[in-house]
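See below for the structure under consideration.
Basis for what follows: all heavy atoms, side chains included, without hydrogens, waters or symmetry-related copies.
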Amino acid sequence: MSWTPTVEQQDILTASDNLLIIGGAGSGKTTVALQKARRFVGENDLAPDQQVLFLSFSNAAVRRIQDAARLTLQYRERRKIAVTTFHSFCHEVLSAHWRLAGLGAPFKLLSPGAVTVMETRLGTDEDPEAAVLALEKEGQVSFDRYAPIVATLFDRVMALHQAYASAYPLVIVDEYQDTADSEHELTRRLGHHGQLICCGDPKQRIYDFRPGTRSDRLREAQADFDLRQITLTQNHRSAEADIEEVAAAILSGESRIPKPRRVHVETYVTDHDLAEGLKKLIVALERAIRRYTRQPAREVSIAIMCRTNVFVGTTSRLLTSPSKAFPRPFRHQILLPQEGLAMAWEAVATVMAPGRSVTAKTSDVLRAAARLDRWEGGSSKTRIDHAEKLEDWAASIDDGTLSRRARGVHQLRERIGGRIANLSGDPGVDGVAVREAFRGLAGEHLRHVVRLLDLRPFGVNATRLMTDLAEAYRLTDEYVRVESLVARHLLSERLQGDGDAGSGRVLMTMHKCKGREFDAAIIVDGRAHRSIVFRNERGQATQPESRRLLATSIQRARVAAVIFTSQVEPCPLIPRFAGRR
């Protein structure tokens, strides 16, 4: 692939000082940073244990960088460039040096979902932070604690700090505007002995809700690390479109702009209109992009984005529901929160695993469903009460005092027994069969588990897991180690993010679009809690957080973007399009 750098990009390639690269979506920050890494490897005689470290806050950005490296770099160059997230880097450090960090054994990740579930069980006088720190003595470390512990470890064990800093003579950090305080401090330590390059765009700062993030992070980095700023202004992603102009108008709050060619606003009234209109939009965009690219057989990538996970689930169900115009379920991928999926999958794995009684499996499934209620429900008294009911039933099963009135639980135990007796050895088929055992129980107590499994069935994006389970069954006629295999797969997903979601129709939240690129983007706006506008910004004169999120979302598109909004309550962030260009 040929690549001709601009004057600014050439400056980056030849610089030996620390840099801050500022540029909007599609300005080539990642491309030039990867080429800088390539040039650094070629011009420096790196020791066998030395690499360029390419860090990002975003799992999606890491995969995009890795894909670009496979296309543009030779194997010998790629093996000298470590591309990873802060979380994965810290996990590797702590896995190797947990004793030096003062952690208990065995070291393992305490997932964000587990932390949330634990917090719902604490009394009003108990300190959640103290509870998390106590678990570290048992070797369980939450994501938010990874970077602080590694930074402290480097401060306490200077030889280890020196070893890691020397191992990475060039450190590049992408998406720096979204880093938290702890990641900023870790960057300070990793970039201490070599060249440091931070890349970012203040206009794409959409993770303000993360603890420790700052609106002035890039300016802070520039001052703390003595970074020379280079600004990239040319758009390479959608140069032929006018997507950038619309994004700029959304950010600035302009009320009227010339009618764009590549950004459209469509409206709907009812959920039926939303479903039918969205399907028609997707099909029309696919046809238009194939004509535009003159590739009639090309698979078109379209991101369909909503602001909340709940609205994503609703939209997926609307797409799946058949209609007169679209009698078959509308094919699409969906990216959901990994924590909820983990709890749903754990319930399935419990049933498939050998060696435990049907009674024990039933109580474990109820506890997994209770964890999901606690995680999804947050402060909802209804969900917490339901979780406590499931936990009480599980305890009653264990001690043999389950009431006959708990008809749905007895029904679940009977179904689990039937599934265990009829496992086929095909993990995909058996996983679906277990899901069906959870459906339609009296009281619908596992409805939230079923909802997640319906949206993303057991085994989606888990080819390796399915292969491992099938091989285990072939050798033993049982799904041996199913729970450990599922746990290992889920850990990999937590560290590496969702599987490939860069092609086809992909439904996700607007925050999940970060670091991804698509041919087209459709942003679905709804009324009230479905609105793009954050609750705390509704009715305000300015909505900076909501505007950054919408602008960032439409900038994921290379060719075209559509904002699909309610006709009754249209999105207030969209400028009016006047006349023609």
### Query
Parallel, tilted or perpendicular: which fits the ring planes of Phe209 and Tyr207, with parallel below 30° and perpendicular above 60°?
tilted
### Query
Tyr146 vs Phe107 aromatic rings, parallel, tilted or perpendicular, using cut-offs 30° and 60°?
tilted
Under 4.0 Å between a Lys/Arg side-chain N and an Asp/Glu carboxylate O for [X] and [Y]?
X: Arg439; Y: Glu436; answer: yes
X: Arg121; Y: Glu388; answer: no
X: Arg505; Y: Glu286; answer: yes
X: Arg210; Y: Glu183; answer: yes
X: Arg145; Y: Glu136; answer: yes

Would you indicate whether the side-chain heavy atoms of [Y] and [X] approach each other to under 4.5 Å?
X: Val365; Y: Leu412; answer: yes
X: Pro322; Y: Arg328; answer: no
X: Leu335; Y: Arg516; answer: yes
X: Glu376; Y: Arg451; answer: yes
X: Met343; Y: Val117; answer: yes
X: Met352; Y: Val348; answer: yes
X: Ile563; Y: Glu266; answer: no
X: Met508; Y: Ile334; answer: no

If every non-hydrogen atom of [X] is compared with every non-hydrogen atom of [Y], which pair is closest and at what distance?
X: Ala560; Y: Ile243; answer: N-CD1, 4.1 Å
X: Ser546; Y: Val533; answer: OG-CA, 3.5 Å
X: Leu109; Y: Ser142; answer: CD1-C, 4.4 Å
X: Asn422; Y: Gly418; answer: ND2-O, 2.7 Å
X: Glu569; Y: Asp525; answer: O-OD2, 4.3 Å
X: Ala147; Y: Cys90; answer: CA-SG, 3.8 Å

Are [X] and [Y] linked by a side-chain donor-acceptor pair shorter than 3.5 Å?
X: Arg413; Y: Thr362; result: no
X: Asp430; Y: Tyr479; result: yes
X: Glu545; Y: Gln543; result: no
X: Thr213; Y: Asp208; result: no
X: His386; Y: Arg383; result: no
X: His332; Y: Ser316; result: yes

Is a donor on one side and an acceptor on the other found under 3.5 Å between the side chain of [X] and the backbone of [Y]?
X: Lys108; Y: Gln140; result: no
X: Arg298; Y: Arg290; result: no
X: Gln333; Y: Val506; result: no
X: His410; Y: Ser403; result: yes
X: Ser363; Y: Asp398; result: no
X: Arg419; Y: Ala433; result: yes
X: Thr116; Y: Pro112; result: yes
X: Arg548; Y: Arg205; result: yes
X: Ser88; Y: Thr84; result: no

Within 6.0 Å of [atom1] in [X], more than 12 heavy atoms from elsewhere:
X: Lys389; atom1: NZ; value: no
X: Arg317; atom1: CZ; value: yes
X: Glu126; atom1: CD; value: yes
X: Arg407; atom1: CZ; value: no

### Task
Could you walk me through whether Thr552 and Gln204 pass the side chain to side chain donor-acceptor pair (under 3.5 Å) test, one step at a time?
CA-CA 6 Å; Thr552 299; Gln204 294 189 68; 4.7 Å; no
Could you give the distance from [atom1] ([X]) to [atom2] ([Y]), rounded to the nearest 0.5 Å?
X: Ile522; Y: Met305; atom1: CD1; atom2: CE; result: 9.0 Å
X: Cys513; Y: Leu549; atom1: SG; atom2: CG; result: 7.0 Å
X: Ser111; Y: Trp375; atom1: OG; atom2: CH2; result: 9.5 Å
X: Ile397; Y: Leu402; atom1: CD1; atom2: CG; result: 5.0 Å
X: Thr401; Y: Trp393; atom1: OG1; atom2: CH2; result: 13.0 Å
X: Leu285; Y: His264; atom1: CG; atom2: NE2; result: 8.0 Å

### Query
Among Arg367, Arg371, Arg374, which one satisfies side-chain hydrogen bond (donor to acceptor under 3.5 Å, both in side chains) with Glu391?
Arg374
### Full working for side chain to side chain contact (heavy atoms under 4.5 Å, CB included) between Met510 and Cys306
CA-CA 6 Å; Met510 295 165 74; Cys306 310; 5.9 Å; no
### Task
Show the numbers, then the answer: is there a side chain to side chain contact (heavy atoms under 4.5 Å, CB included) between Tyr473 and Asp426?
CA-CA 8 Å; Tyr473 195 96; Asp426 182 331; over 6 Å; no
### Task
Tell me, please, whether Phe534 has Arg307 positioned over its six-membered ring: NZ or CZ under 6.0 Å from the ring centre and within 45 degrees of its axis?
yes
### Message
Under 6.0 Å from the ring centre and within 45 degrees of the ring axis: does the NZ or CZ of Arg558 meet both conditions for the six-membered ring of Phe518?
### Response
no
### Task
With side chain to side chain contact (heavy atoms under 4.5 Å, CB included) as the test, would you mind laying out the steps for Val480 and Leu475 before giving the verdict?
CA-CA 9 Å; Val480 294; Leu475 295 173; over 6 Å; no
### Pair Thr270-Asp273, side chain to side chain donor-acceptor pair (under 3.5 Å): steps then yes or no
CA-CA 5 Å; Thr270 66; Asp273 297 333; 3.2 Å; yes
#### Entry: Audit row: Leu103, Glu138, side chain to side chain contact (heavy atoms under 4.5 Å, CB included) steps and yes/no
CA-CA 7 Å; Leu103 302 174; Glu138 302 172 13; over 6 Å; no
